[in-house]
Asker: 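Would you mind keeping the following structure in view while I ask a few things?
Note on naming: letters A, B, ... go to the chains in the order of the sequence lines (proteins, then strands), and numbering restarts at 1 for each one.
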Amino acid sequence: MSIAKTYTPADVEAKWYQRWQEQGFFKAKPNPRKPAYSVVIPPPNVTGVLHMGHMLNNTIQDVLVRRARMQGKEACWVPGTDHASIATEAKVVALLKEQGIEKSSLTREEFLTHAWSWKEKYGGIILEQLKKLGASCDWDRTRFTMEPELTEAVLRVFVDLYRKGQIYRGVRMVNWDPQGRTAISDEEVIAKDTMAKMYYLRYEVVGSPLSVVSKQNDTDNEQLQTTNYITIATSRPETIMADVAVAVNPNDERYKHLHDAKVRIPLLGREIPIITDEYVTMDFGTGGLKVTPAHDLNDYELGIKHNLPVIDILNDDGTLNEKAQLYVGQDRFAVRRQIAKDLEQAGLLDKIEEYASVLQTSERTGAVIEPKLSLQWFCKMDQMAVKALEVVENDEIRLHPPKFKNMYRVWMENVRDWCISRQLWWGQRIPAYYLPDGSFVVALNEEEALRQAREQSGNADLQLTDLRQDEDVLDTWFSSWLWPISVFDGFKDPDNADVNYFYPTDDLVTAPEILFFWVARMIMAGLEYRKQVPFRNVYLTGIVRDDQGRKMSKQLGNSPDPLDLIAQYGADGVRTGMLFSSPAGNDLLFDIKLVEQGRNFTNKLWNAFRLVKGWEVDASLPFAGAKAVEWFGAKLQASIAELDDHFDKFRMSDALMTVYKLVWDDFCSVYLEMVKPAYQAPIDPETLKHTTAFLETLLKLLHPFMPFITEELWHELAERKAKEYVCVASWPKAQAAAGSAEVLTRMEKALDIVAGVRTIRNQKGLGPNKPLTLAAKTDDTALLTDYDAILRKLAALSDISVVDAAPAASVGFVSGGAEFFVPLEGQIDLGAEKARLEKELEYAQGFRDSVLKKLANEKFVQNAKADVLERERQKLADAEGKITALEQSLKGL
RNA sequence: GGGAGAUUAGCUCAGCUGGUUCAGAGCAUCUGCCUUACAAGCAGAGGGUCACUGGUUCGAACCCAGUAUCUCCCA
């Protein structure tokens, strides 16, 4: 035999992936004779390279898709990437900077040329990497969120929602990223706990001379302070120049005398009013609140309520502008440090306290977010959210695991309008066109915009050059929320065959982090534009962490390179390794041992094949493996049913574990050991036929998890016709044969006897092959005769006999109420043997007593269901049988 | 501060409507084996006060209340 002893995945993976593609197995098209099954990939960033999170996510998708394909469905997995506007633009800007080019020196068109060439060069990397993993996507359907068709879809939706009044332009407080110089949505803000400083500043009360301040003693001081100045606590002293009022709670006794007074902003000296509002918390800080509408959302609302002006002192890059009057041109953080010093020198800083605070940072750039008032485009969420919540509440869409339903509900009930404009160039430019008079029109293209503008202005001479298109682009999620529809061209051609057949898709596999800003919005878009949910099931994966529970990241350097892993352990090994420990919704603590286990499993399968393949057949031999075949057949059916059940409930780890144990424990350790002929002896044709068929079924069951090795072995196992691949083989159906339960329990009993003998071998230090004899004291002699060959083979017995009493000098064990003895001349330690039996007896008696107690309890007998009672009686009978057996054994000693 | 979830073997997790031989799996551990399919392996073994405290029940890992710890979400 010249088959290698270990499996080398590198030799076969590329080959099979290419063959599958040549055969067109991954291609899907509407087929009325088949049920559709479709999945859209969560489009990775076009800038991205494969990381462990992608590996997990795409492995799960591939398992689902491959199984569906084998189940005879028209399986369609649509791949693609998204343009990731802020991340990509940041990357291109950085790259240009390296080349000595500043973005500011380029026109929009020039910059986009650079960006597109960058995309052409690097944009496909991640998709190529997915092929290494075995992803069975229909590559002909690869889409990109910024390609012309998808861009058109985005613009159509924008125009449509604008017309429906769902999109509006307005001044709102947005999350401003001063580094990316763009607004970002609430979902892109990450809150970080930090220690911050609280500065206590003195605002002089107008008309009360500071000279009255006395510092004689502390108690007086406090009283005097409030008469001469009011102390305000703030974490952001650099914003005082934007203050427009000081607010106190009207019920606050400390400040009642100050109502209607005015105070002076420290350093700046500008006078601002004191206002009263119940909103102010009396026991936070000093009970006085500086009101800075331009730089705080709550202050902004307070400002509107009290009709206060807005003074915005910040530039887009986080430096102070001339409205600040002081520190103009300096960065906000530099100003904070400086102003603290200046205030202290001026005697206007009471104290600085440390306190635990939350810092809002940008997900993309890490910069501290600046709440900033700006003119942005918004998409209304309230109506869409109601519908999107309903379909999850009523299980039209199921979240796996369901615990995410709670989270989803909370978010949908508290959703705010979606800021969809971004101050970037890389993305779909907002199709709003401004007229010279400042009004605007929204239209799909320039011609239409001009037509509308002429109509709106009444000026028929208006030219295209008079119109100015909005400079901003749309949030990337405004493209990806259309993904399940747009990839099937459902906007361009809403009644096309693809979208009618493949939409709604079936399963979506993604991370909980984007449940809201992607999943929820896809549901909204689906309901809005197809009147149908975009998918039926949402499988939420966890985060891949290292063995210390830290999130894997480039910065920490704790993430292995997925492609290195594949090269080292094989794609099949990596796939199974990731799935071994990934219950839905739970984080996966990645350990290289899991991948090793996966690799070992492929090797185990390889060797099982090697054994079967190596057998010579002797056509004259009778069918020797009948009992084994009967048993494994039953076991296989039971496992298939279990496997399907796990799949239906999206329990991927459990599904894998079911096949893993079926292959390793039942097929290799038990079945093959039963039917395996002696060394170099031939096998009978009937047993071989069944064994090969079993192995073939196992390859099918394993294929979704381990596509490469199963395809390789499938072709090694037999001559195959042109299109006969395991990749498209039919998924085995569970068929419960009559009496299979009985078959399984009988074999379990036989195997328990084998285990008993093996334990004795281990305990007595006997080799695995030293022939032993077995004496049985049992009523079930049929078990011994039916399974005679199997018992002899697996337990290496030279003789099995039935006895009435324990033979002299033997070691015994109890199995299923019967007693078994292995005569061991000269190797018996009577004392130890007696102690062991007594211990076992005591245990059995304790158990019997507890059952007796239960059965003696009238209430139990009255209340318990019949089958429960029956089980308890059976337990009692078994226990008593065991006790008698043990007592006999002890007497025999 | 508000809300949700979790706590079961050394680790990662199952345990479905309370009753399936006094709680299961994989990995790890320990013991013995280089037995010609596989040492990336084989055979066997040990290991748990189901976080804690009460309650409901004939019966609780499971239901209820409280406590502790952790995680996530929101502010």
Asker: Could you tell me whether A:R409 atom CZ has more than 12 heavy atoms of other residues or ligands within 6.0 Å of it?
Answerer: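 For A:R409, atom CZ is crowded (more than 12 foreign heavy atoms under 6.0 Å).
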
Asker: Does B:U57 have a Watson-Crick or wobble mate here (both distances under 3.5 Å), and if so which one?
Answerer: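 B:U57 is paired with nothing.
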
Asker: Check whether any side-chain N or O of A:Y408 sits under 4.0 Å from OP1 or OP2 of B:G5, and answer yes or no.
Answerer: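 For A:Y408, the contact criterion (side-chain N or O under 4.0 Å from OP1 or OP2 of B:G5) is not met.
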
Asker: Which part of the nucleic acid, if any, lies within reach of A:Y660 when heavy atoms closer than 4.0 Å are counted: base, sugar-phosphate only, or nothing?
Answerer: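 Here A:Y660 touches the backbone only, sparing every base.
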
Asker: Identify the nucleotide, in any strand shown, that forms a Watson-Crick or G-U wobble pair with B:A6, with both distances under 3.5 Å; if there is none, say none.
Answerer: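 Check on B:A6: paired to B:U69, both distances under 3.5 Å.
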
Asker: OP1, OP2 of B:A40 versus side-chain N and O of A:K5: anything below 4.0 Å?
Answerer: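 Checking A:K5 against B:A40: no side-chain N or O falls below 4.0 Å of OP1 or OP2.
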
Asker: Around atom CZ of A:R398, are there more than 12 heavy atoms from other residues, nucleotides or ligands closer than 6.0 Å?
Answerer: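 Count not over threshold, so no.
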
Asker: Could you please name the partner base of B:U35, counting Watson-Crick and G-U wobble pairs only when both distances are under 3.5 Å?
Answerer: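 Looking at the geometry, B:U35 pairs with no nucleotide.
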
Asker: Whether A:S669 contacts B:A43 is assessed here as follows: a side-chain N or O lying under 4.0 Å from the phosphate OP1 or OP2. Is that the case?
Answerer: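 Yes, such a contact exists.
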
Asker: Quick check on B:C42: is either OP1 or OP2 less than 4.0 Å from any side-chain nitrogen or oxygen of A:W664?
Answerer: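 Yes, within the criterion.
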
Asker: Are more than 12 heavy atoms from other residues, nucleotides or ligands located less than 6.0 Å from atom NZ of A:K749?
Answerer: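 Count not over threshold, so no.
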
Asker: Look through every strand shown and name the nucleotide pairing with B:G1 as Watson-Crick or G-U wobble, where both distances are under 3.5 Å.
Answerer: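 Because both required distances fall under 3.5 Å, B:G1 counts as paired with B:C74.
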
Asker: Centroid separation under 6.0 Å, is that true for the rings of A:F404 and A:Y408?
Answerer: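 For A:Y408 and A:F404, the ring centres are not under 6.0 Å apart.
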
Asker: B:G24 and B:G15: how far apart are their P atoms, nearest whole angstrom?
Answerer: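 Approximately 15 Å lies between the P atom of B:G24 and that of B:G15.
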
Asker: At 4.0 Å (heavy atoms only), tell me whether A:K604 reaches a base, stays on the sugar-phosphate, or touches nothing.
Answerer: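 Base, at least one base atom sits under 4.0 Å.
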
Asker: Determine: side-chain N/O of A:R416 to OP1/OP2 of B:A75, distance under 4.0 Å, yes or no.
Answerer: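 Result: yes.
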
